[in-house]
Enquirer: 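Below are the structure tokens for one structure; questions will follow.
First the proteins, then the strands, lettered A, B, ... as listed; each starts at 1.
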Amino acid sequence: MMPAAPRQILPIEGGAVVSAVATVLEAQGVPADVTPNRRTVELAEDAARMFQRLARPIGVWASISLADFAGVFGGEGHNAPETPVDQTAGRADDLALFAVTVGDALPSRIAELFARQEPALASMLDAHASEGAELAAHHLQNRYVDWLSGTGRLGAESGALRYSPGYCGWDVSGQRRLFDYLVPEEIGITLRDSFLMQPLKSISGVIIAGHQEIFDFENTFGFCEECSTWACRERIGAVLGGMPDETA
Amino acid sequence: MKLLEELAQSLERGDSQAAADSTRGAIELGLPAQRILDDGLIAGMAVVGRRFKAHEIFLPDVLLAAKAMYAGLALLKPLMIEQAVATQGKVVIGTVQGDLHDIGKNLVGIMLEGAGFEVLDLGTDVAPETFVDTAVREGARIIGLSALLTTTMPVMRKVVEAVEKRGLRPEIRVIVGGAPLSAAYAAEIGASAYCFDGISAVETVREMLGVER
């Protein structure tokens, strides 16, 4: 029987979502094998301090049954015919919808910096905020996994992976039903008619937990050809290979 | 002239103070604003653009150069108005209705300004008619549209249709950009061009307006 904690709101400590300078510079197009100049590094460090001062990361997750998730995932009927999301979720032990944000002060500050003709700092702060939102999502996923482990629902060979509407064949219109179920408005995240989340630096989706083997798939879906990042590989690798979790 | 070379080089170094000092020096020498603009600020940004395209420098370097350019431009603008300096042309840009992402659009605007174009930035969440009305009112021949969401991409088609409906093609051209876009999508909606990044936007606009550099 599921313990009575199907939904949790989690404020996240600011320091937990500050990315390494190297990560942010890579997001800014500086290749990992290039040594950045001093001014660029200083810029990234200034932006990191500004980010930490302004970020108010918070997240919410809510357990969801497979049947309910099928309804959420179906959205408005625009998903790809086959996706790793429903295939993996169908074999999962546990599912949770989630949403995180790093807050609304950052987009305002970024816009203000552009208006003040400080484009380099604005762009660097934007990169920190984007990476910070990813770290916040990862942090929330880890806390959900902790909760599952604490209830004895997650075995030694289990792991968790998250997917978001707009990626991997899950049409972005799925946001509507996700919001109906999760109600992230409670932590300040709203949805526009275009399915854009506000604050801009927010992430929503599903966390799928189960045995490691359910997460392995070939990148042979039609939409994989259009993907420029294949970021799923790194995350799947972490689940399958037991790679150390740098944000845990 | 050495002072204008120094101004251009200050942009390449991303040195705002030096850019302001050189611009002030050039103004005090009585150089025409057009020359300071062309041989100092635009020349410097052109080198920055070329080095960025060649992967010798990266986005933060370009944006530090842009900040230096703005430092010089702020001092030069009153003189440009006084001497009625002509820009390379006007470009209306904005993020389409329903979308609030503006980083890419801002970067394109910066690169266009650095190339000497007058940029009329309408911001985000801009209605199709607003783009067209502004272009007509301001005499701009290019409208640049940005979108980051697949759900807002169709608004770009509405802008193209609005331009066509008012009989403004081919005088006004619509160019598009944004992460989910492609040249194929641009062609499908009848846009004049797809721009991968700020550099390609500058090259496209130059070509469309017949600007040489």
Enquirer: Who wins among B:P60, B:A74, B:S16 for the most heavy-atom pairs under 4.5 Å with chain A?
Expert: B:P60

Enquirer: Pick one of side chain, backbone, both or neither for A:I110, based on which atoms fall under 4.5 Å of a heavy atom in chain B.
Expert: side chain

Enquirer: What part of B:I110 is in contact with chain A, defined as an atom under 4.5 angstrom from a non-hydrogen atom: side chain, backbone, both or neither?
Expert: side chain

Enquirer: Could you tell me which of B:V62, B:D121, B:D125 has the largest number of non-hydrogen atom pairs under 4.5 Å with chain A?
Expert: B:D125

Enquirer: Taking the six-membered ring for Trp, are A:F51 and A:H128 parallel (under 30°), tilted (30 to 60°) or perpendicular (over 60°)?
Expert: parallel

Enquirer: Between B:D99 (side chain only) and B:L148 (backbone N and O only), is there a donor and an acceptor less than 3.5 Å apart?
Expert: yes

Enquirer: B:F58 pairs by side chain to side chain contact (heavy atoms under 4.5 Å, CB included) with which of A:V34, A:T40, A:N37?
Expert: A:V34

Enquirer: For A:P165, which of A:M197, A:Q175, A:R176, A:R177 qualifies under side chain to side chain contact (heavy atoms under 4.5 Å, CB included)?
Expert: A:Q175

Enquirer: Could you check whether atom CD of A:E185 has more than 12 heavy atoms from other residues, nucleotides or ligands sitting under 6.0 Å from it?
Expert: yes

Enquirer: Under a 4.5 Å heavy-atom cut-off, does chain B meet the side chain of A:L196, its backbone, both or neither?
Expert: both

Enquirer: With a 4.5 angstrom heavy-atom cut-off, is it the side chain or the backbone of A:D126 that approaches chain B, or both, or neither?
Expert: side chain

Enquirer: Most heavy-atom pairs under 4.5 angstrom with chain A, which of B:T152, B:T124, B:I103, B:D102?
Expert: B:I103

Enquirer: When only pairs under 4.5 Å are counted, which of A:P31, A:P107, A:P36, A:A122 shares the most heavy-atom pairs with chain B?
Expert: A:P31

Enquirer: Quick one: are the ring centres of A:W170 and A:Y163 less than 6.0 Å apart?
Expert: no

Enquirer: What's the shortest heavy-atom distance between A:S204 and A:L178, and which atoms?
Expert: CB-CD2, 3.9 Å

Enquirer: What residue, out of A:Q28, A:M124, A:Q117, has the most heavy-atom pairs lying under 4.5 Å from chain B?
Expert: A:Q117

Enquirer: Which atoms of A:V172 are under 4.5 Å from chain B, going by heavy atoms: the side chain, the backbone, both sets, or neither?
Expert: side chain

Enquirer: Which atoms of B:L100 come close to chain A, meaning under 4.5 Å heavy atom to heavy atom: side chain ones, backbone ones, both, or neither?
Expert: both

Enquirer: Picking from B:D61, B:N106, B:L149, B:L59, which has the most non-hydrogen pairs under 4.5 angstrom with chain A?
Expert: B:N106

Enquirer: Check for a donor-acceptor pair, side chain of B:E118 on one end and backbone N or O of B:G89 on the other, with a separation under 3.5 Å.
Expert: no

